[in-house]
Amino acid sequence: MPVSGLPPYDDGNVFARILRGEIPSRKVHEDEYALAFHDIAPQAPVHVLVIPKGRYVSLADFSAQAGAEEVAGFWRAVGLVARQLGLEQQGYRAMTNMGHDGGQEVPHFHVHILGGKRLGAMLVAPAA
Ligand code: AMP
């Protein structure tokens, strides 16, 4: 059952296809709850996406519908991947885009891990 106001899960989305092995990805980690792979268009020296194995459209969907074990397993994977990428000492940014205003392009929940340089301001300043 989708969260009210959100589209239903689309099994044809690109991350669903990566999970099914239909299209390749540069995998960095996989466990029972999550898959992590390099972003195809990196926005930083390190740019990895972590996605849950389950069918969740967005953070709104995941936070409302996923079981406690899935939530814990997923977020542990996010931390583990950043650690394995060697980002902990210098730091990194973990973020997710949700829905239209968030600029979400792929409708399967994902967390971006960005690092490898000082990232600067979180948002580009709006034009005056
Ligand atoms: P978002 O705008 O938060 O939905 O981010 C979607 C991200 O997925 C973008 O950073 C894309 O570059 C990335 N992306 C799209 N297709 C692929 C793909 N086949 N493999 C890896 N990353 C992808």
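First listed ligand is number 1; within each ligand, the first listed atom is number 1. Numbers here simply count residues along the sequence, with the first being 1. These numbers were taken from a predicted model, which means no experiment stands behind them.
- Checked against ring pair (Phe, Tyr, Trp, His ring centres under 6.0 Å), Phe74 has the following partners two or more places apart in sequence or in another chain: Phe62, Phe109.
- With sequence neighbours excluded, the residues forming a ring pair (Phe, Tyr, Trp, His ring centres under 6.0 Å) with His110 are Phe15, His112, listed by chain and number.
- Checked against the 6.0 Å centroid threshold, His29 and Phe37 do not count as a close aromatic pair.
- Between the side chain of Glu88 and the backbone N or O of Gly86, no donor-acceptor pair lies under 3.5 Å.
- Not counting sequence neighbours, the partners of Arg20 by the side chain to side chain contact (heavy atoms under 4.5 Å, CB included) test are Asp11, Ala16, Arg17, Glu22.
- Smallest separation of non-hydrogen atoms from Lys117 and Pro45: CG-CD, 3.7 Å.
- Within 4.0 Å of ligand 1, protein heavy atoms come from Val14, Phe15, Ile18, Phe37, His38, Asp39, Ile40, Ala41, Leu49, Asn97, Gly103, Gln104, Glu105, Val106, His110, His112.
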